[in-house]
S.K.: 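Dropping the structure in here first, questions after.
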Amino acid sequence: MNHFTYKDGRLHAEGVPLAEIAARVGTPFYCYSTATLVRHYGVFADALRAAGLDATICFALKANSNVAVVRTLARLGAGADVVSEGEMRLALAAGVPAGRIVFSGVGKTRRELEFAVAQGIMQINVESEPELLALSEIAARRGVRMPIALRVNPDVDAGTHAKITTGRKENKFGIEWTRAHEVFRLARALPGIEVMAVACHIGSQLTEVAPFRAAFHRIRDLVAILRADGFDIRRLDLGGGLGVPYEDDEAPPSPAEYADAIATTLGDLGCRIVLEPGRLLVGNAGILVSQVIYVKEGATRTFVVVDAAMNDLMRPALYEAHHDIQPVTEPPAEAPVAPVDVVGPVCETGDTFARQRPLPPLAAGDLVVFRTAGAYGASMASTYNSRPLVPEVLVDGGRFAVVRARPTYEDMLALENLPDWLS
Ligand code: LLP
């Protein structure tokens with residue numbers, strides 16, 4: 001469910017025609033819908049509540065680190081899952097209280113750990129023994145015991161794209177399942193550490209509930225072992241990963257099914273549940289709007305060349321990901337469709353959004369949108385080919401605002417520096 005629909009033949013974001021935003025902002029741009037964010041958060045929170053779970057929803061900022069988007073979610077009660085000092089600062093700037101921030105990641109630097117301890121965030125999810133030792137030293141020096149979870153790697157196959165699966169033993173993430181107890185014991189002996197939670201995250205864009213269940217069963221077994229050894233495990237951080245439909249025929253598990261999997265495997269342990277959803281909250285709440293520059297007839301196919309490129313939305317180039325493409329002007333019901341390749345201007349063949357995609361006729365100047373681009377779209381964008389970072393727009397009912405401006409070429413050049421021997 002989202003709020004990007006045709007009204008009077010024109011695609012709108014809630015009450016605003018996208019063509020109107022394009023005329024003001026220029027293309028390409030990302031556009032987010034407040035009503036969709038609110039709805040997604042509400043459906044997820046309600047499902048957890050209905051399953052009887054005492055849960056804290058920490059939005060994974062890596063999916064979308066726009067401050068206005070994060071603030072919209074924070075106002076609904078969301079905390080934040082962050083993986084860098086930058087994301088931590090962003091979450092704080094967006095109004096997320098430090099007491100609702102979880103810090104994850106396999107390579108936190110000492111500087112980042114210092115910052116997290118100084119801010120007094122809710123929890124650090126530690127992923128290795130060296131990280132544990134570094135954190136203990138930093139916290140002890142400040143005279144505090146930092147609340148931590150140990151992220152364990154449950155060695156389950158999430159059945160998702162190889163580049164975004166994280167819960168297998170050959171992945172770099174977490175502490176190997178079979179060594180978890182030993183590392184918990186080490187943590188208990190350290191002066192700057194308060195061990196209170198177990199964390200796991202097995203992958204992203206999961207389309208089945210079974211791998212979650214398998215991982216949660218393993219967590220349950222581990223909690224029993226730890227409690228028998230005197231550990232006071234009060235929280236379980238189950239990560240993110242619930243998938244969203246990118247195509248009409250996809251039906252990932254519903255929030256209710258996911259909540260049921262948690263409740264039936266872990267619900268009786270008396271633990272506060274922490275979740276780190278990213279894509280689920282923002283994926284369908286965002287689109288990328290672009291303009292057709294040329295329609296080019298190639299030797300064997302037609303290329304629709306648009307002004308967005310792989311640097312603006314990397315997912316197709318990186319994961320062969322599918323994003324639905326729609327014209328902003330609604331095609332007539334009887335419009336013919338023909339297969340075309342939709343490509344960007346960047347100088348490599350990887351800069352292809354869709355191959356042989358059946359689309360209605362498009363012409364230079366037409367606006368098109370890439371759907372389900374609210375997660376891992378803008379947050380993964382780069383300036384490859386010296387293209388300015390794509391701006392972001394937030395719509396709320398009948399109003400909209402540019403919530404991240406397109407940098408000017410002067411802004412971009414200002415960061416460059418010629419050494420004196422070249423000037
Ligand atoms: N927690 C941790 C520790 C994570 O590593 C991730 C995602 C999440 C939560 C949020 O997962 P989500 O609910 O969004 O699935 N760039 C890729 C996705 C990378 C996911 C990385 N970790 C893509 O565009 O599909």
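Positions are given from 1, in the same order as the sequence printed here. Owing to the predicted nature of the structure, the values given are computational and were not obtained by experimental measurement. Just follow the structure's listing: the first ligand is 1, and inside any ligand the first atom is 1.
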S.K.: Examine G241 against ligand 1 and note whether any of their N/O atoms are separated by less than 3.5 Å.
M.R.: yes
S.K.: Looking at side-chain heavy atoms only, is the closest gap between M314 and Y319 below 4.5 Å?
M.R.: no
S.K.: Taking atom types as modelled, find out whether D341 and Q356 have a side-chain donor-acceptor pair closer than 3.5 angstrom.
M.R.: yes
S.K.: Side chains of R279 and S204: donor-acceptor distance under 3.5 Å anywhere?
M.R.: yes
S.K.: Determine, using heavy atoms of A63 and all atoms of ligand 1, whether some pair is separated by less than 4.0 Å.
M.R.: no
S.K.: Within less than 4.0 angstrom of ligand 1, does R151 place any heavy atom?
M.R.: yes
S.K.: Taking the side chain as every heavy atom from C-beta outward, state whether P28 and R406 have any atom pair closer than 4.5 Å.
M.R.: yes
S.K.: Within the 4.0 Å heavy-atom shell around G278, which atoms of ligand 1 are there?
M.R.: 12 (P), 13 (O), 14 (O)
S.K.: Give a yes/no verdict on whether any heavy atom in P277 is under 4.0 Å from an atom of ligand 1.
M.R.: yes
S.K.: Would you say the side chain of R185 lies within less than 4.5 Å of the side chain of D229, judging by non-hydrogen atoms?
M.R.: yes
S.K.: Among R188, R145, R234, find the residue that satisfies the salt bridge (charged side-chain N to carboxylate O under 4.0 Å, His left out) test when tested with E194.
M.R.: R234
S.K.: Pick, from K62, R279, E127, M380, the option with the minimum heavy-atom distance to atom 21 (C) of ligand 1.
M.R.: K62
S.K.: Going by the order shown, which atoms of ligand 1 are within less than 4.0 Å of some heavy atom of E276?
M.R.: 1 (N), 2 (C), 3 (C), 8 (C), 9 (C), 10 (C), 13 (O)
S.K.: Need the ligand 1 atom indices (1-based, order shown) with element for anything under 4.0 Å from a heavy-atom of G240.
M.R.: 9 (C), 13 (O)
S.K.: So, does D81 sit close enough to ligand 1 that a heavy atom of it is under 4.0 Å from the ligand?
M.R.: yes
S.K.: Between F115 and R89, is there a cation-pi geometry (under 6.0 Å to ring centre, at most 45° from the normal)?
M.R.: yes
